[in-house]
Amino acid sequence: MSTLEIKDLQVSVETEDGPKEILKGVTLTIKDGETHAIMGPNGSGKSTTAYSIAGHPKYTITGGEVLLDGEDVLAMSVDERARAGLFLAMQYPVEVPGVSMANFLRTAKTALDGEAPKLRTWVKDVNGALERMNLDTQFSQRSVNEGFSGGEKKRAEIAQLDLLDPKLAILDEIDSGLDIDALKVVSEGINRFAERDGKGVLLITHYTRILRYVKPDVVHVFVDGRVAESGGPELADELEANGYDKYVKAAAAQA
Amino acid sequence: MTVTDAARDTVAAALESDRVESHLNPPPSYDLADHPLPTGREEVWRFTPLKRLRGLLDGEASTGSLTWDTTIPAGASLTEISPEEARALELAPNERPAALAAELSGSARLVDVPADTRVEEPIVLRLTGGSVDDLVHGRMVYRFGAHSEATVVLVHEGSARYNAISTFLVGDGAKVTVLTLQDWADDAVHLGRDSIRVGRDASVKHASISFGGDVVRLHANVEYAGPGGEAELLGLYYADAGQHLEHRLFADHNAPKTKSNVNYKGALQGTGAHTVWIGNVLIRKVAEGIETYEENRNLVLTDGCQADSVPNLEIETGEIEGAGHASATARFDDEQLFYLKSRGVSETEARRLVLHGFFSELIRKVDVPSLEERLTATVEAELAKTVTSGSSAAALEA
Ligand SMILES: Nc1ncnc2c1ncn2[C@@H]1O[C@H](COP(=O)(O)OP(=O)(O)OP(=O)(O)O)[C@@H](O)[C@H]1O
Ligand SMILES: [Mg+2]
């Protein structure tokens, strides 16, 4: 099972001139087995939504709720959220010098499962996940994300998704910086995950090209810290043709 | 001022290559009158808590000694030599503790590796002190013949007030690794000076690893006997509450085409943990085509710590291949911790991973297999202290 309910989520960040409101009441529900896409102009609050759900300390929740299978996500620490089944693939994955991918992945898997993975199968699993992302198995010996190219970082995020097997994956611009072959590989990775039982995907993107490979059930348009419109996959095509102008103007008129 | 023959040689050499007066590296002399008791206001002493040296600079004679437990593999030898013999070999002291150690230590010890000899196993000297009441002056010379290869591991344990002068003479084309581990008990006081002369086309790696002791203040100095020499000066330190760990480096590029690479990393935790790193590099006029890089990174794990880090680069020739330095002191990177935690790893474990990563590259570089396990274990034990101590985590959150 995996149902993510975001209800009237309001978030602000600390700035030099005091708190600034970024999310002004985001509401959406991802039902079991669904894939949702979020599109919207720069600065509309897409990453803020993703990071707030994952629990990044920079963001202050000022209102609303986030429930994963009915459990209050916002009351949990960052690692508890991950153990509850949340996974965030970051727009800019962080480098951790001196910590090998192998060590990191084993530590994470152990934390998630409450026991160390079986040595015999684990190495095979790690190598398999890397290979499916067209990453040389040597990557497991490299420091986490250190010196990875932009595209390699994104592929490594999906390799982690494959191995760590959460309930709900939030993918923030996983498609940016990918060449066409990598885009296919990454999309296949997302689809393989989405096809497993009881998974959900929230895909944040600027481009419809990934939506040719990863079919969303629902598309949301984000404008100025809110969901301005939701619809089926055809909404993405409409955005591709006409841009966000209509929604931005409507939001401005309302403000 | 009485200038000894050995010192006169050095001074003459310095004069030849255009003498440089640097208050950070005063001229060598065995005469104690040239090294008055510091007041604490001197540039070279201003970081050091003189009161906590427990009279180690007073010049009190002592017959105290550390217990030596040694492993001398085939090819190497360890002998006792007279003060006169030591003086004929060693690089002269240029500050008070080293001059005192030379004056008061009585006999000295010589580790000798003949030319063209490859000593397979590390030469291990394990020095143990009985109690902080023991006042001990030490004097050592390590001589590595031309084209020899050897590794020396020097371990300091137990407690003492220990003051030592050591000289490493690395022959032409020799390959030498020196690792000193300061694993003292909490109350030990240790002043040490390691001076290294790197022969033509020789390479030396000197690693200084300091965990224990109340006050530890160590010099690692490098100079070159000819062109083509390479020195890698590595350091790893971990200061707990109240500890003072000071490392002072000096790379004297007095010959062309020489290289120095300094890389020290430290972590600090607990109230009053204080580390000092001084990296002095001098590139003399003759030293054309040299390369030098020095780096010091500190990770401050709790409030109430102080990491002083001062790189100094004096350049007298424009004809160099490369010279640079970096110094940084940081707290845990929140983004790194967030990333790890977002994968389910607990706060404690995330900190452990980041710290482990911080030191791991350096431990790999030290590359003394027989000691690696102990080193990793000691780092892990130190890490365990931080990451499990709720107070330090709370201090960080505040
Ligand atoms: N510390 C801060 N001070 C001021 N504004 C901030 C701060 N942090 C974030 N913001 C603002 O919050 C808004 C939302 O940012 P967010 O990263 O969520 O946008 P996004 O929709 O992901 O954009 P993009 O498509 O460019 O990735 C932006 O306007 C950003 O400038
Ligand atoms: Mg974004």
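Every chain is numbered from 1, with letters handed out A, B, ... down the list of sequences.
Note: B:Leu353 CG to A:Phe104 CZ = 8.5 Å, rounded to the nearest 0.5 Å.
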Using distance alone, with no hydrogens and no angle check, list the donor-acceptor pairs under 3.5 Å between chain B and chain A.
unit_1   : atom_1 : unit_2   : atom_2 : d
B:Glu335 : OE1    : A:His56  : NE2    : 3.1
B:Glu335 : OE2    : A:His56  : NE2    : 3.0
B:Gln336 : NE2    : A:Glu95  : O      : 3.2
B:Tyr339 : OH     : A:Asn145 : ND2    : 3.2
B:Tyr339 : OH     : A:Glu157 : OE2    : 2.4
B:Tyr339 : OH     : A:Gln160 : NE2    : 3.0
B:Arg343 : NE     : A:Gln160 : OE1    : 2.6
B:Arg343 : NH1    : A:Leu88  : O      : 2.6
B:Arg343 : NH2    : A:Leu88  : O      : 3.1
B:Arg343 : NH2    : A:Glu157 : OE1    : 2.8
B:Arg343 : NH2    : A:Glu157 : OE2    : 3.3
B:Gly344 : O      : A:Arg83  : NH1    : 3.0
B:Ser360 : OG     : A:Gly98  : O      : 3.1

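Of the atoms belonging to A:Pro93, heavy atoms from both backbone and side chain fall under 4.5 Å from chain B.
Across all non-hydrogen atoms, the minimal contact from A:Ala82 to B:Gly344 is CB-N, 3.2 Å.
At least one side-chain heavy atom of B:Phe338 sits under 4.5 Å from a side-chain heavy atom of A:Val78.
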